[in-house]
Amino acid sequence: MGVTIKDIAKEAKVSIATVSRVINNKEDGVGKDTRENILKIMEKHNYVPSSLARGMVTKKTHIIGLILPDINNPFFPGIVRGAEDAASKYGYNIILCNTDDKEEKEIEHIQILKEKSVDGVIYTSTLEDKGENIDLFKKYKIPFVSMDRNRPLDEVPFISTDGEMGMYKVVEYLIQNGHTQIAYISGKKGMYAEYKRLRGYKKALSKYNIPIAPELIKYGDYKISGGIKCMEELLEENLKFTAVASENDLMAIGALEVLNNRGIKVPDEISVTGFDNIFLTKVTFPKITTVAQPTYEMGYNAVELLLKIINKEELLCQEIILNTNLIIRNSVAKL
Ligand code: RIB
């Protein structure tokens with residue numbers, strides 16, 4: 001076992017707290033000679049202080065947790081990149097927790113992060129907006145920021161994009177191309193993101209006096225398999241539609257797969273749109289028209305907001321809503 005803070009304190013004949021003050025560059029309470037002696041001993045032993053040793057005085061580990069539902073979805077790595085960059089700028093490290101969209105894993109991760117004494121957590125929940133896991137953060141007194149999918153209560157700090165406006169823009173684009181029978185593939189029911197984007201879809205239809213047909217709205221799970229399932233349902237029910245707007249890109253890819261496999265031409269027979277602008281939408285056939293979400297900025301801003309909360313510079317209910325962009329490619333036909 002390597003040298004510990006205890007060994008350094010013993011050799012320097014001081015308390016562990018004194019060594020910790022030196023490690024954390026705290027000026028007060030440690031004389032110049034004592035400080036120099038401690039630094040010399042640390043150097044002699046090539047001692048690198050652990051986050052626990054650092055935290056003895058600051059009560060901070062400089063570690064934050066990042067809980068994500070599905071790291072296989074190319075939407076999420078952009079968030080991780082942004083979060084990583086912001087964390088390293090402020091001297092923090094990230095523990096990445098993937099929940100596979102499972103409630104039990106989410107709870108397990110929150111408990112593990114508590115045990116690791118993280119300074120805070122950025123949390124993209126996989127659950128319906130009931131707020132149970134938010135209660136866990138409150139119970140454990142862990143500062144947190146809710147990101148992207150869920151906003152269980154108004155008074156929690158939240159970062160996301162304007163999903164309602166994003167979906168409005170892409171559905172309006174379909175309407176401007178002559179589509180009036182537009183099916184909709186939604187994400188998981190009960191999510192704040194799902195609610196907002198569905199609202200954007202309905203708003204665009206209403207603006208152009210197009211009646212909302214509930215049978216054209218199907219619920220998936222943000223995965224390719226969900227898009228496949230929804231498109232199969234739409235086709236098997238013999239519903240009439242000339243376009244389908246999907247709540248995320250993976251489900252749009254699933255829908256496209258079904259259409260391609262059945263020889264239904266996209267976009268000539270059915271137009272398809274996505275949401276997220278993941279890199280895969282540029283390599284599908286045809287390339288998918290979608291709505292870009294600034295994932296890097298989401299991750300970066302989430303860390304900055306969390307650090308402000310940790311350092312008590314920010315109100316707990318701060319909300320950051322970023323803009324989206326319509327990305328026009330080849331999957332929408334003009335009727
Ligand atoms: O693809 C993942 C989806 O889940 C994204 O649209 C994101 O915003 C989240 O809701």
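Computation of the quantities below employed the complete heavy-atom set of this structure, encompassing side-chain atoms and omitting hydrogens, waters and symmetry-equivalent molecules. First listed ligand is number 1; within each ligand, the first listed atom is number 1.
- Looking at R197, E247, M298, R149 and measuring to atom 8 (O) of ligand 1, the nearest heavy atom belongs to R197.
- Under a 4.0 angstrom heavy-atom cut-off, L250 registers as lying outside contact with ligand 1.
- In this structure, the protein non-hydrogen atom closest to atom 6 (O) of ligand 1 is D276 OD1, 2.5 Å.
- Shown in contact with N248 at under 4.0 Å from a heavy atom are these atoms of ligand 1, numbered in order with element: 1 (O), 2 (C), 3 (C), 6 (O).
- Side-chain contact between I110 and F144 is absent, with no heavy atoms from C-beta onward closer than 4.5 Å.
- Applying the 4.0 Å criterion to heavy atoms of Q293 picks out, from ligand 1, the atoms 5 (C), 6 (O), 7 (C), 8 (O).
- Within the listing of ligand 1, atoms 4 (O), 7 (C), 8 (O), 9 (C), 10 (O) sit less than 4.0 angstrom from a heavy atom of D148.
- Here M191 has no heavy atoms under 4.0 Å from ligand 1, in either its backbone or its side chain.
- Other residues, nucleotides and ligands place more than 12 heavy atoms under 6.0 Å from the NZ atom of K169.
- With a 4.5 Å cut-off on side-chain heavy atoms, Y208 and Q176 count as touching.
- Atom OH of Y219 sits in a crowded spot, with more than 12 heavy atoms from other residues, nucleotides or ligands closer than 6.0 Å.
- Residues N325 and N323 bring no donor and acceptor atom of their side chains to less than 3.5 Å of each other.
- Taking every non-hydrogen atom of N73 and a distance limit under 4.0 Å, the qualifying atoms of ligand 1 come out as 1 (O), 2 (C).
- No close placement of the Y222 and F75 rings is indicated, their centers lying 6.0 Å or farther apart.
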